[in-house]
Asks: 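Right, I'll just put the structure down here and ask away after.
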There are 2 protein chains.
Amino acid sequence: MTTLRQLQCLATVADTLHFRRAAERLNLSQPAVSAQIAQMEEQLGVLLLERTRRRVLLTPVGREVAERARAILRDVADLEETARQSTIPLSGTLRVGVLRTLGPYLLPHMLGAMRARFPDLKLYLREEPRSQLLAELAHGDLDLVLVHDAPKDDDHLTVVPLFREPLWAVLPLGHRLAAKTSLAPADLAGERLILLELGDGLRDPGLDLCRAAGASEHPDFRATSLDSLRQMVATGLGATLLPALYVEAEALADPQIAVRPLQAPAPTRAIDLAWRRTTSRSDEFRLFARLIEENLPAVVERG
Amino acid sequence: MTTLRQLQCLATVADTLHFRRAAERLNLSQPAVSAQIAQMEEQLGVLLLERTRRRVLLTPVGREVAERARAILRDVADLEETARQSTIPLSGTLRVGVLRTLGPYLLPHMLGAMRARFPDLKLYLREEPRSQLLAELAHGDLDLVLVHDAPKDDDHLTVVPLFREPLWAVLPLGHRLAAKTSLAPADLAGERLILLELGDGLRDPGLDLCRAAGASEHPDFRATSLDSLRQMVATGLGATLLPALYVEAEALADPQIAVRPLQAPAPTRAIDLAWRRTTSRSDEFRLFARLIEENLPAVVERG
DNA sequence: AGAATTAATAGCTTCAGGTTATCAATGCCC
DNA sequence: GGGCATTGATAACCTGAAGCTATTAATTCT
């Protein structure tokens, strides 16, 4: 196998066209350089240098090889530099998994501050259902996940609770409850709520509320995305519950629906940040958690 | 200094996510791989792998570094391949110096055959005056030169005579000699010939002819390129001598001038191929000479 | 609880690659 | 042209990086 030392010797001799000066620059003895070159020539079965006793020149192959050698050495130096740079906290690429019902409405609040405080941080974002995110985290395909109710009893994970996200009542325009500016859970008695098919921590608080308030899940309809849920409400199909960050980002401005906060005990979903306990970057990840907390909008309940 | 072995170990562990299997693939023992990785981590001051006793995962830096490592290893393999390939005769890049008055008219005859027989050969061509070509050859900036009268007494050079290139008489259309289909040197008695300012082996045979035939150099005009010489003749300024390869390529088809061969003893310039004696590629260069000889057009006198 | 698996550690060995000293060839200079 | 200086190669020796085997420690699975 060719070694980097060989490449280094060749590149330096190619630069200086002089064994002794090359050796000097490499902090080696001249015979050491000779040996490296000779060895390389034997391994490749090719003469790299044209030797007069008095002078050294490159053969055409030598030129080509020396050029490639220089490029390789540059790349190795880059690699080392990159690795050393990475001791800067929160630099490089972080693979973050996040719920589809959370990411697009939470992260925009964070990006500005992240850019400002950790300009070298790049996020690779992945939206998947909670169970798949946790599996990918465990498997090593993700570094961090933002999910509801991360498993706190899992020895392999570190879980940091970030906040609780309230659910808001969303009503068709002419709905009888739309007249009130805020609703008590009991106001929903008798309602049939359209709930999300996928979980994402939204369905269970919804069902709990139904039970507590004397409402029920709509028997005929379930939605598969927050946007379609909103549109179903807009067409008058019924009322629903939507998470606060989504409401803030997408629903408040929609003139086709009425959005009302729920009074305590309002249903909420708990959002956590989780990572593998064995990672070497727990400190950084805590910093990441802190950053999220510091930039949470007012609509969520801080932990 | 990072070593290629380290990069190789990292890349393989990154592939397998398993020290023992990586060691197997590398034909090493597992502790050897551990040691290489540990050493690399220490040198870079960075954790590259996330180790559970049971499992290995890459840290984000580890991913980045492993990716770069793979690229570097590929480049090294390429370098080795390139070097080994270069044992194919006449492959790679050859730096050839050639006279400005020769290259554009000789080389087109060669290129087809070169492409066919040595498809991996690339020519870097450089046109300079003879003395500069020889200097650059000696200095190692060129591998081969095509010049007139290469110095055969120079111990540092190998010189192969290729051919003699006759000079043809070139006359204005109405010239008294244009009536003849070929000229004896003596026919030129009394003529005033425009000769080239730069040497290129054309001026001296021209002067010799003048002396032998009783002609003389035109006192007022000298040309600095073959094309301008031809144009000067076309405007009726006088007669001149032009080398056969140029005549064949550029002058025969020009309706503004008359071109006539000269009978023996016709003036010629001797064209040689030369290289540094110390090169390792004499065999290939002889092959190159042979290739030129085999593809010479009929207008030159083969050696 | 015990078997199995995995990466790390310990102790030992070997050889790649370093050193200094010297040689042989070449060019320079008076 | 003979002596001197310079240069890359060679010789002989030395050191430590890197490999191996055997073992340990930690963890998971049975």
Side-chain angles (χ1 to χ4, degrees), chain A residues 1-10 12-44 47-59 62 138-140 153-157 276-280, chain B residues 1-10 12-44 47-59 62 138-140 153-157 276-280:
Chain A
M1 177 69 179
T2 307
T3 68
L4 283 181
R5 167 130 287 161
Q6 289 173 346
L7 297 186
Q8 216 171 10
C9 286
L10 176 66
T12 310
V13 172
D15 281 347
T16 58
L17 293 181
H18 201 286
F19 276 69
R20 211 171 47 79
R21 272 194 280 280
E24 240 166 66
R25 193 190 293 182
L26 290 163
N27 291 318
L28 288 177
S29 67
Q30 170 261 311
V33 177
S34 286
Q36 289 291 330
I37 302 285
Q39 182 181 340
M40 200 170 169
E41 287 182 324
E42 176 172 11
Q43 283 170 1
L44 296 177
L47 280 180
L48 300 170
L49 297 176
E50 189 179 312
R51 297 135 155 104
T52 319
R53 286 281 170 189
R54 200 67 185 175
R55 226 160 52 117
V56 175
L57 290 176
L58 287 166
T59 63
H139 191 253
D153 53 351
D154 186 331
D155 277 349
H156 300 91
L157 293 185
R276 288 186 304 282
R277 185 175 296 280
T278 51
T279 186
S280 58
Chain B
M1 176 68 178
T2 308
T3 68
L4 283 181
R5 166 130 290 160
Q6 289 173 346
L7 297 186
Q8 216 170 11
C9 287
L10 177 65
T12 309
V13 172
D15 281 346
T16 58
L17 294 180
H18 201 286
F19 276 70
R20 210 171 47 77
R21 273 195 279 282
E24 241 165 67
R25 193 191 292 185
L26 289 164
N27 290 319
L28 288 178
S29 68
Q30 169 262 311
V33 177
S34 286
Q36 288 291 332
I37 302 285
Q39 183 181 337
M40 200 170 167
E41 288 182 326
E42 177 174 8
Q43 283 170 0
L44 295 176
L47 281 180
L48 299 169
L49 298 177
E50 190 179 312
R51 297 134 153 105
T52 320
R53 287 280 171 190
R54 201 66 184 176
R55 225 161 51 118
V56 175
L57 291 176
L58 287 167
T59 63
H139 191 252
D153 53 351
D154 187 330
D155 278 349
H156 300 91
L157 293 184
R276 287 186 303 282
R277 187 175 295 280
T278 50
T279 186
S280 59

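In the text below, chain A, chain B and the rest are named by the order of the sequence lines, each starting its count at 1.
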Asks: A:A35 near the nucleic acid: base, sugar-phosphate alone, or nothing, with a heavy-atom cut-off under 4.0 Å?
Replies: nothing

Asks: What is the distance from CG of A:L58 to P of D:dG8, rounded to the nearest Å?
Replies: 13 Å

Asks: Take atom CG of A:L4 and atom C1' of C:dA16, then tell me their distance rounded to the nearest Å.
Replies: 16 Å

Asks: Do any side-chain nitrogens or oxygens of B:R5 fall under 4.0 Å of OP1 or OP2 in D:dA17?
Replies: no

Asks: Nearest whole angstrom, please: distance from the C1' of C:dT6 to the CG of B:L17.
Replies: 14 Å

Asks: Are OP1 or OP2 of D:dG8 and a side-chain N or O of A:S34 less than 4.0 angstrom apart?
Replies: no

Asks: Which of the following nucleotides, C:dG17, D:dC20, D:dA18, is nearest to the side chain of A:T3?
Replies: C:dG17

Asks: In whole Å, what is the span from the CD atom of B:Q30 to the C1' atom of D:dA25?
Replies: 13 Å

Asks: With nearest nucleotides of DNA chain D determined for B:P31 and A:H156 from heavy-atom distances, which residue corresponds to the more 5′ nucleotide?
Replies: B:P31

Asks: Using OP1 and OP2 only, check whether a side-chain N or O of A:S29 sits under 4.0 Å from C:dT19.
Replies: yes

Asks: Measure from CE on A:M1 to C1' on C:dA16 and round the result to the nearest Å.
Replies: 16 Å

Asks: Does B:T16 reach the main-chain N or O of B:R21 with its side chain, forming a donor-acceptor pair under 3.5 Å?
Replies: no

Asks: Could you check how far CG of A:L28 sits from C1' of C:dG18, rounded to whole Å?
Replies: 8 Å

Asks: For the side chain of B:Q39, starting at C-beta, report the closest nucleotide among D:dG8, C:dA7, D:dA18.
Replies: D:dA18

Asks: Just by distance, do the side chain of A:T59 and the backbone of A:E50 share a donor-acceptor pair under 3.5 Å?
Replies: no

Asks: OP1 or OP2 of D:dG8 less than 4.0 angstrom from a side-chain nitrogen or oxygen of A:R51, does that happen here?
Replies: no

Asks: Contact class for B:V56 vs. all strands (heavy atom < 4.0 Å): base, sugar-phosphate, or nothing?
Replies: sugar-phosphate

Asks: Does the B:Q43 side chain pair with the main chain of B:A38, one donor and one acceptor, at a distance under 3.5 Å?
Replies: no

Asks: Rounded to the Å, how far apart are B:M40 CE and D:dA17 P?
Replies: 18 Å

Asks: How close or far is atom C1' of D:dT6 from atom NE2 of A:H18, stated in whole angstroms?
Replies: 8 Å

Asks: Within the side chain of A:Q6, is there an N or O that forms a donor-acceptor pair under 3.5 Å with the backbone of A:T3?
Replies: yes

Asks: Checking side chain to side chain contact (heavy atoms under 4.5 Å, CB included) between B:T12 and each of B:L28, B:V33, B:L26, which is the one that passes?
Replies: B:L26

